[in-house]
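Everything quoted here is computed from the prediction, not taken from an experiment. Reminder, nothing fancy here: chain letters follow the sequence lines and each chain counts from 1.
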Amino acid sequence: MKSYDFKSVEKKWRQRWEETGVFHARNDYTLPKFYCLVEFPYPSGQGLHVGHPRSYTALDIVARKKRLQGFNVLYPMGWDAFGLPTENYAIKNHMHPGQVTVQNVARFKKQLQSLGFSFDWSREINTTDPEYYKWTQWIFLRLYEKGLAYKKEMAVNWCTSCKCVLANEEVVNGVCERCGSDVVRKVKSQWMLKITEYARRLIDDLDDLNYIERVKIQQKNWIGRSEGAEVEFRTTEGDSFTVFTTRPDTLFGATYSVLSPENPLIDKWEAKIKNIGEVAAYRDECARKSDFERTELNKDKTGVRIDGVEAINPVNGEKIPIFIADYVLISYGTGAIMAVPGHDTRDWDFARKFSLPIIEVVSGGDVDREAHTDCETGLMVNSGFLTGLSVADAKTEIIKWLSDNGKGAAKVSYKLRDWVFSRQRYWGEPIPIICCGKCGHVPLDESSLPLRLPEVESYEPTDSGESPLAKLTDWVNVKCPRCGGDAKRETDTMPQWAGSSWYFLRYCDPHNDKEIASGEALDYWTPVDWYNGGMEHTTLHLLYSRFWHKFLYDIGVVPTPEPYAKRTSHGMILGENGEKMSKSRGNVVNPDDIVNEYGADTMRLYEMFIGDFEKAAPWSSTSVKGCKRFVDRVWALQEIIIKGEYRAELEGDMHRLIKKVTEDIDNLKANTAIAAMMSMLNRIYETGAVTRGELKTFLLLLNPFAPHLTEEMWEICRFGGEVTGQKWPVFDSEKCVDETVEIAAQINGKVRARIVVGADISADEAISQAKSDKKIKDAIEGKTIVKELYVKGRLVNIVVK
RNA sequence: GCCGAUGUGGCGAAAUCGGCAGACGCAAGGGACUUAAAAUCCCUCGCUGGAAACAGCGUACCGGUUCAAAUCCGGUCAUCGGCACCA
């Protein structure tokens, strides 16, 4: 026997698979289908990261097993290629970002192919391909048509030196990552998508989805539903502002109110504000901080009292001071709050600092010492007509009173904010809108899509903070499609998230030039049966794509209200030192090196064996060798083949192994499936031989994990055809059970002996058999037996005194 | 700070529903084969004491519930992911 030459074997089978197209999903819509999806990568300049194959291998195993189980499997791959890093690389190296993308994609594809994934490459997509982004633009036009895309003044990060808009990531400690200059908040008109319109459905529909629990929880908290009331406060200026509160019951305890520094009422009151200088300075200071810095709880509370205007508490007519403070955000709620220091921790801290009155309105705490936030117990006090009620009843009563008197109403509020959809960058989908002085925003006609990204000289943003597209006057200046007058194209582009919000639909029918995908293809393939991706995408990509899908469902484009039936998430692969892999830390492992030295099968096995799929795991170059040894030991089985089916001594083990591997794959526990196969291999070597029947089953079970090795051995052993044409093995549950089991015999919960009993033994028999064991007999000698327990197939516990 | 998660030998980890902690693998030590090395094969391998039998301790830390806790409850500490223009 020659030693296993993984290089030539892997090459041979990859060529064979490519020639026969055995992994192409079939367009026969009568077959049972399985749509298996992994997040498509961003083709970065660094090449494939060892983290990518973790997720891809796990679902490749699922896809390969499902095919053997008779499903028509769609397991596609593509490129999410628009985005900032490519653009920045292009600027730095004076290349076209499209060219950079072509290079990166070629490298990624070669790397992925070297790992033997069973992707259907005939359905490959690329978000930067005009034939693809035509449909991204088409969806945007539908959103615009339905009033879900609108323009709004928003604060952006502005580098005072580069004179351009920065992504949050490009702002490090308040300064520009590139030049180190100060970054300020600057207001710009931005395209927004009304995801908030879908907030309720995005939360409620989670209940019926098979998502891992932490994903559901994180999405729920991100959307942040809270029930309460809106209350209108009139001011001494005769105007008013509205606050949102989850505790309308405490309205009698509101002793001041706070507006966000950006609140436009301040400008309106300018002439009346005596300390306008101080107020303006504070507003300026806040403009430099991010929301994140502003809302940090343990920071010192800051704020400025507005001297000259007061608010009126609607429930008792009392005048209360108005502050501006940075912990109130314009982007959440109404940009104004009522402050109840007795019953809210932040308000309490603030009131203490500014010596404001603290009134107790719910009994049971000590509001002089700390805020009393418990609303389960305690009754209303100092609260007029609410006094004596429970908090829950007081909420109902006050909301009724507010609506009856036209001073407020019940309100459900969400933390979720609308999606900022504009980028002042080049490398993204152009927004298909024309701005006309007379007609306003005019959408392009569908027939003129795709609106192609034009060639520009330089990809640097302009000094005014506009996209580089703004420099192309020939492209920008157009006639208005509605009135024929002079008009300009929108020069902002879409964010990277746009293309990835619907890509799974395109895989169903990727070459369709009439529609996103045909109705039949969507009816058959959607929803995605299993979608795996990183935890870091939970609140953005995953939520955005659910939003777009629901919208497409509402306008009749897709047949299901949800895109993904099941969602799982993988942990990161860390460097050998346990830290995140990065160039700067110098702990990057290149998948190419592993494939070259050990082969794709070993790489796949190692990444699956590394530990719990959902948890982060550090890379270990020595542990890879263990998987290589396993591969070689499997290869060596061909030396000891004998004729026959399952031998009696291994029959139970074989059935248990089929059960274990089958179930573990479905539960994403490839690590324990591999451990079980290693144990079986050890067991086979103990017997000194393997029968053809046993080897067949073993190779079938191992095939999804190590496809090249198993195909080669299948061929060498002349088992007939190829593994890809076989049926997944089935187990007989009766044969999985042993007749006898070894159980523990405990005294007071401590193991004192192990005994072998029949699997079906009764409790009495098990206990008496335990008592007849010498050690147990000695241990209970002269003691009183308090209790005796038998846990079937596990243990006997005798409690003595 | 807020939201979500994690913490088990020298290392990666395993352990249906609360039921024998450490499966499987790596590293290490010892042995076989070899002129030698590599590869391969066999043995040992949580900690402490003991020649051994065995005993005690042990799943981040403190406390609780239970016949029984890695698992459930309360608290503490540490680490990681996300925080809306990175993808």
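Side-chain atoms of A:Met603 and A:Glu597, non-hydrogen and from C-beta on, never get closer than 4.5 Å to each other. A heavy-atom distance below 4.5 Å is not found between the side chains of A:Tyr531 and A:Phe504.
Separating the P atom of B:C24 from that of B:C42 is a span of 13 Å, rounded to the nearest Å. Distance check on atom P: B:U6 versus B:A55 gives 36 Å, rounded to whole Å. If you take atom P in B:G25 and the same atom in B:C45, they sit 15 Å apart, rounded to whole Å. Taking atom C1' on both B:C73 and B:G56, the two are 29 Å apart, rounded to the nearest angstrom. Distance check on atom C1': B:A23 versus B:A13 gives 10 Å, rounded to whole Å.
Among the atoms of the strands shown, only primed sugar atoms or phosphate atoms (P, OP1, OP2) are found under 4.0 Å from some heavy atom of A:Asn671. When heavy atoms are screened at a 4.0 angstrom cut-off, A:Leu416 is found touching base atoms of the nucleic acid. Base contact: A:Gln424 has a heavy atom under 4.0 Å from a base atom. Using a 4.0 Å heavy-atom criterion, one finds that A:Met572 contacts the sugar-phosphate atoms exclusively. Using a 4.0 Å heavy-atom cutoff across all strands shown, A:Leu84 reaches sugar-phosphate atoms only and no base atom. Counting non-hydrogen atoms under 4.0 angstrom, A:Ser44 reaches nothing in the nucleic acid.
Within the 3.5 Å criterion, the main-chain N or O of A:Ser620 finds a donor-acceptor partner in the side chain of A:Tyr606.
Atom CH2 in A:Trp619 sits roughly 16 Å away from atom C1' in B:C11 (whole-Å rounding). Atom CZ in A:Arg752 sits roughly 12 Å away from atom P in B:C54 (whole-Å rounding). Between A:Ile573 atom CD1 and B:G12 atom P there is a gap of 14 Å when expressed in whole angstrom units. Going from atom OH of A:Tyr42 over to atom C1' of B:C86 covers 9 Å, rounded to whole Å.
An anti base is found at B:G46: its glycosidic angle is more than 90° from 0. Glycosidic conformation of B:C17 is syn; the angle stays within 90° of 0.
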(request) Under 3.5 Å for both distances, Watson-Crick or G-U wobble, that's the pair rule; now give the dot-bracket for RNA chain B, with | marking pairs to another strand and [ ] for crossing ones. (result) (((((((..(((......[....))).(((((.......))))).((((....))))..(((((..]....))))))))))))....
Hey, can you pull the donor-acceptor pairs under 3.5 Å for the side chains in residues 794-801 of chain A, sequence neighbours left out?
{"unit_1": "A:Asn797", "atom_1": "OD1", "unit_2": "A:Asn748", "atom_2": "N", "d": "3.4"}
{"unit_1": "A:Asn797", "atom_1": "OD1", "unit_2": "A:Gly749", "atom_2": "N", "d": "3.0"}

Distances under 3.5 Å between protein N/O atoms and the N/O atoms of nucleotides 24-33 of chain B, please, pair by pair.
{"unit_1": "B:G25", "atom_1": "OP1", "unit_2": "A:Asn682", "atom_2": "ND2", "d": "3.1"}
{"unit_1": "B:C26", "atom_1": "OP1", "unit_2": "A:Arg629", "atom_2": "NH1", "d": "2.6"}
{"unit_1": "B:C26", "atom_1": "O2'", "unit_2": "A:Thr622", "atom_2": "OG1", "d": "3.0"}

Give me, pair by pair, the N or O atoms of the protein and of nucleotides 57-59 of chain B that are less than 3.5 Å apart, along with how far apart they are.
{"unit_1": "B:C57", "atom_1": "OP2", "unit_2": "A:Lys750", "atom_2": "NZ", "d": "3.0"}

Contact list (N/O, under 3.5 angstrom) for nucleotides 3-10 of chain B vs protein:
{"unit_1": "B:C3", "atom_1": "O3'", "unit_2": "A:Asn221", "atom_2": "ND2", "d": "2.6"}
{"unit_1": "B:C3", "atom_1": "O2'", "unit_2": "A:Asn221", "atom_2": "ND2", "d": "3.0"}
{"unit_1": "B:G4", "atom_1": "OP1", "unit_2": "A:Asn221", "atom_2": "ND2", "d": "3.4"}
{"unit_1": "B:G4", "atom_1": "O2'", "unit_2": "A:Gln218", "atom_2": "OE1", "d": "3.1"}
{"unit_1": "B:G7", "atom_1": "OP1", "unit_2": "A:Lys615", "atom_2": "NZ", "d": "3.4"}

Write down the protein N/O and nucleotide N/O pairs, taken from nucleotides 66-69 of chain B, whose separation is under 3.5 Å; answer none if there are no such pairs.
{"unit_1": "B:C67", "atom_1": "O2", "unit_2": "A:Asn797", "atom_2": "ND2", "d": "2.6"}

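Between A:Lys628 and A:Asp632 there is a salt bridge, with a side-chain nitrogen of the basic residue lying less than 4.0 Å from a carboxylate oxygen of the acidic one. Electrostatic pairing of A:Asp653 and A:Arg656 counts as a salt bridge here, judged by a charged N lying under 4.0 Å from a carboxylate O. Ion pair A:Glu39/A:Arg54 not flagged as a salt bridge, since none of the NZ, NE, NH1 or NH2 atoms sits closer than 4.0 Å to an Asp/Glu carboxylate oxygen. Using a 4.0 Å cut-off between a side-chain N of Lys or Arg and a carboxylate O of Asp or Glu, A:Arg423 and A:Glu87 do not qualify as a salt bridge.
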(request) Given side-chain contact (heavy atoms from CB on, under 4.5 Å), test A:Glu262 with A:Val187 step by step and report yes or no. (result) CA-CA 11 Å; A:Glu262 298 87 349; A:Val187 171; over 6 Å; no
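When each of A:Trp427, A:Tyr42, A:Tyr426, A:Tyr503 is tested with A:Phe82 by the rule ring-ring contact (aromatic ring centres under 6.0 Å, His included), just one qualifies, namely A:Trp427. The only option from A:Val791, A:Val751, A:Ile776 that meets the side chain to side chain contact (heavy atoms under 4.5 Å, CB included) definition with A:Gln746 turns out to be A:Val751.
Using cut-offs of 30° and 60° on the angle between ring planes, the pair A:Trp548 and A:Trp419 is tilted. Note on ring orientation: taking the six-membered ring where Trp is involved, the planes of A:Phe6 and A:Tyr4 are tilted (angle from 30° to 60°).
When each of A:Arg794 and A:Gly611 is assigned the nucleotide of RNA chain B with its nearest heavy atom, A:Gly611 is the one assigned upstream, toward the 5' end.
The CE atom of A:Met154 sits 10.0 Å away from atom OG of A:Ser422, with the distance rounded to the nearest 0.5 Å.
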